[in-house]
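Step one of this worksheet: look at the structure below.
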Amino acid sequence: MKCSKTSTVPRCVSDGADTAQRREVSVFVRIRPTANFAHGLIECLPDGKLQDSKKGQLSSWSFRLEGVLQDVSQEEVYARVCQPVVQGALDGYNGTVMCFGQTGAGKTYTMTGSTESYKQRGIIPRALQEVFREVEKRTEHSISVHLSYLEIYNETLVDLLSPLQDSPQRPPRGMVVMEEPGRGVFIRDLSLHPVHSEEAALSLLFEGEMNRIIGSHAMNRNSSRSHCIFTLHIESRSQILSDAKYIASKLNLVDLAGSERLGKTGSEGQILKEATYINKSLSFLEQAILALADHRRDHVPFRQTKLTHALKDSLGGNCNTVLVANVYGEAAHIEETLSTLRFASRMKCVRSDPAVNEHIDPALQIRKLQKEVQMLKEELSIHNTLVNRPSTTYEPLSEAQQAEISSQVQRYLDGSLKEISITSIRQVHAVFAQFKLVEWETRGFNEGVEAGSFGVSAQSQKQSQRPSSTKAKPLKSRDKQR
Ligand SMILES: Nc1ncnc2c1ncn2[C@@H]1O[C@H](COP(=O)(O)OP(=O)(O)OP(=O)(O)O)[C@@H](O)[C@H]1O
């Protein structure tokens, strides 16, 4: 098989100031190496063309892709496909890396890797390694990581890391895909596991792998019979700023079940039933992608299947999305390869608007505001001392203080007091309330006076209109009079 060069396409589409971040979903094709040359090979040309050299004839098809991964190491695959998405997730952007393709084409090999050697580990263990390296490096942030591992088997949601997995009780199967404003899509009852090191994260990954449902058929001895979504939930708070703001992102690493031509896999019984579910859900995924890629359509049928519903905010949206289309290198599979690549080019037309997921912690926000109020009180008290103003209290006025204000207002209205002494906003309110009482009495009890209907300039007018016999009293003293 010839080595390929990559064909690149512009990643960003700028069609306005507020859509500067808008981009297309990135699509790579990974070709599984093969030793079987009998039926001709598929060759990827530098211009993105795919060529089938079957029976000496050359046929070619053209697809727009981010790059072709042929005869490349797992390390390079990770670096080109996933590393930028992981970095984005640490900076607060949601990310999705998804492997799609024919059964046996190398999706699980790409996502999880082979246990044969450390070098052959796939995207998920490498992403975990990078995340924890970054956690160590980014000392100015406190970063927390939680993991979840969801399996969708025959339209049933299964928690691969359920704490009930080893117990005689069946793991929970009543999980539901939910959506909430501000939270997006989530799976109710899916367990979330806090992890503090790469080792702890890897051991959870392996635990989940052991619980996956694997079947055997003619094209793959260890075929995944389900769709699996491994998610890193990352939260990052600044250690320097005592800020209520924090960023939270989700990194979904998705290993889809493979599409199957039933004639080729020779499936029957349970394997056939699984294949029917798999093919049906993949066809719904294609329908959702078609709708997402068609910008004139305003309805996307996400709810047709659990897979599309669970991935609703991970296919485009505000997410950095990358698709790896896994294909065989043999021309014998050209039909399936073309169908995979047609799906991939539709996916490429899906737009995304990556955005940082910033949140505010309400408890921290309240504490921050309380601190600010305290600081302002202290500042005002210093200011009062400097200008020789009597110190101000911010507590509600005592009865004695209220009585003093009421007496001052009466004396002011009598003309025996020139100025009412005011040192706080609370006192201003109390003085106005007292004027309100006076006006109320002047008009008679039944008329009523709307709160706040007095202006300062109106006071002297009211005073002059007041019959000389009317005396303002605080409410308490008036009650006593009655
Ligand atoms: N790039 C590769 N290099 C080496 N071996 C590979 C590569 N891709 C796939 N394989 C091998 O091919 C076999 C099938 O791969 P894998 O199980 O990853 O396919 P799959 O697409 O996940 O299949 P299914 O959809 O049936 O689960 C495995 O033994 C795997 O190790």
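First listed ligand is number 1; within each ligand, the first listed atom is number 1. Keep in mind the model is a prediction, meaning the values are calculated, not measured. We use all heavy atoms of the structure for the numbers below, so side chains are in, but hydrogens, waters and symmetry mates are not. Position 1 is the first residue of the sequence, and the numbers go up from there.
- Around atom 16 (P) of ligand 1, the closest heavy atom drawn from G106, G258, A257, S259 belongs to G106.
- Exactly one residue among S224, S223, S114 makes a side chain to side chain donor-acceptor pair (under 3.5 Å) with T108. That residue is S224.
- Looking at S223 against ligand 1, both its backbone and its side chain come within 4.0 Å, counting heavy atoms.
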Inset, instruction - Check the pair K348, E66 against salt bridge (charged side-chain N to carboxylate O under 4.0 Å, His left out), reporting the backbone distance first and the verdict last. - result: CA-CA 9 Å; K348 181 126 196 69; E66 223 74 27; 2.8 Å; yes
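- Residue A105 places at least one N or O, backbone or side chain, under 3.5 Å from an N or O of ligand 1.
- Only the backbone of Q102 comes within contact range of ligand 1, with a heavy atom under 4.0 Å; no side-chain atom does.
- Less than 4.0 angstrom separates some heavy atom of G104 from each of these atoms of ligand 1: 14 (C), 15 (O), 19 (O), 20 (P), 21 (O), 23 (O), 24 (P), 25 (O), 26 (O).
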Inset, instruction - Go through the steps to decide whether K137 and E134 satisfy the test salt bridge (charged side-chain N to carboxylate O under 4.0 Å, His left out), and finish with yes or no. - result: CA-CA 5 Å; K137 271 199 239 161; E134 285 294 317; 3.3 Å; yes
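- For E136, the CD atom is loosely surrounded, since the number of other residues' heavy atoms within 6.0 Å does not exceed 12.
- Within a 6.0 Å sphere centred on CZ of R133, heavy atoms belonging to other residues, nucleotides or ligands number 12 at most.
- The neighbour count for E116 CD, taken as heavy atoms of other residues, nucleotides or ligands under 6.0 Å away, does not exceed 12.
- If you run side chain to side chain contact (heavy atoms under 4.5 Å, CB included) between M98 and each of L311, V322, N252, D255, only L311 comes through.
- Remark: E75 CD is loosely packed, at most 12 non-hydrogen atoms of other residues, nucleotides or ligands lying under 6.0 Å away.
- Note: an N/O pair closer than 3.5 Å links T103 and ligand 1 by distance alone.
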Legend entry - Trace of the salt bridge (charged side-chain N to carboxylate O under 4.0 Å, His left out) decision for R346 with E286: CA-CA 8 Å; R346 278 180 210 128; E286 293 213 44; 3.0 Å; yes
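- On a distance-only criterion, D255 and ligand 1 share no N/O pair closer than 3.5 Å.
- From the protein, the heavy atom lying nearest to atom 21 (O) of ligand 1 is K107 NZ, 2.7 Å.
- Neither the backbone nor the side chain of C99 has a heavy atom within less than 4.0 Å of ligand 1.
- Residue R30 places a heavy atom under 4.0 Å from ligand 1.
- Nearest non-hydrogen protein atom to atom 13 (C) of ligand 1 is R32 NH1, 3.8 Å.
- Protein heavy atom nearest atom 31 (O) of ligand 1, with residue, atom name and distance: Y109 CD1, 3.5 Å.
- Within a 4.0 Å radius of atom 28 (C) of ligand 1, the protein contributes no non-hydrogen atoms.
- Of the listed residues (Q120, R32, R30), just one forms a side chain to side chain donor-acceptor pair (under 3.5 Å) with Y109, and that residue is Q120.
- At under 3.5 Å, a nitrogen or oxygen of S224, whether backbone or side chain, sits near a nitrogen or oxygen of ligand 1.
- In this structure, a donor-acceptor pair under 3.5 Å is present between the side chains of Q129 and R121.
- Per-atom contact check: atom 24 (P) of ligand 1 touches the protein, criterion being a heavy-atom distance below 4.0 Å.
- The nearest protein atom to atom 17 (O) of ligand 1, hydrogens excluded, is given as N220 ND2, 3.2 Å; this is a heavy-atom distance.
- Not a single heavy atom of S114 lies less than 4.0 angstrom from ligand 1.
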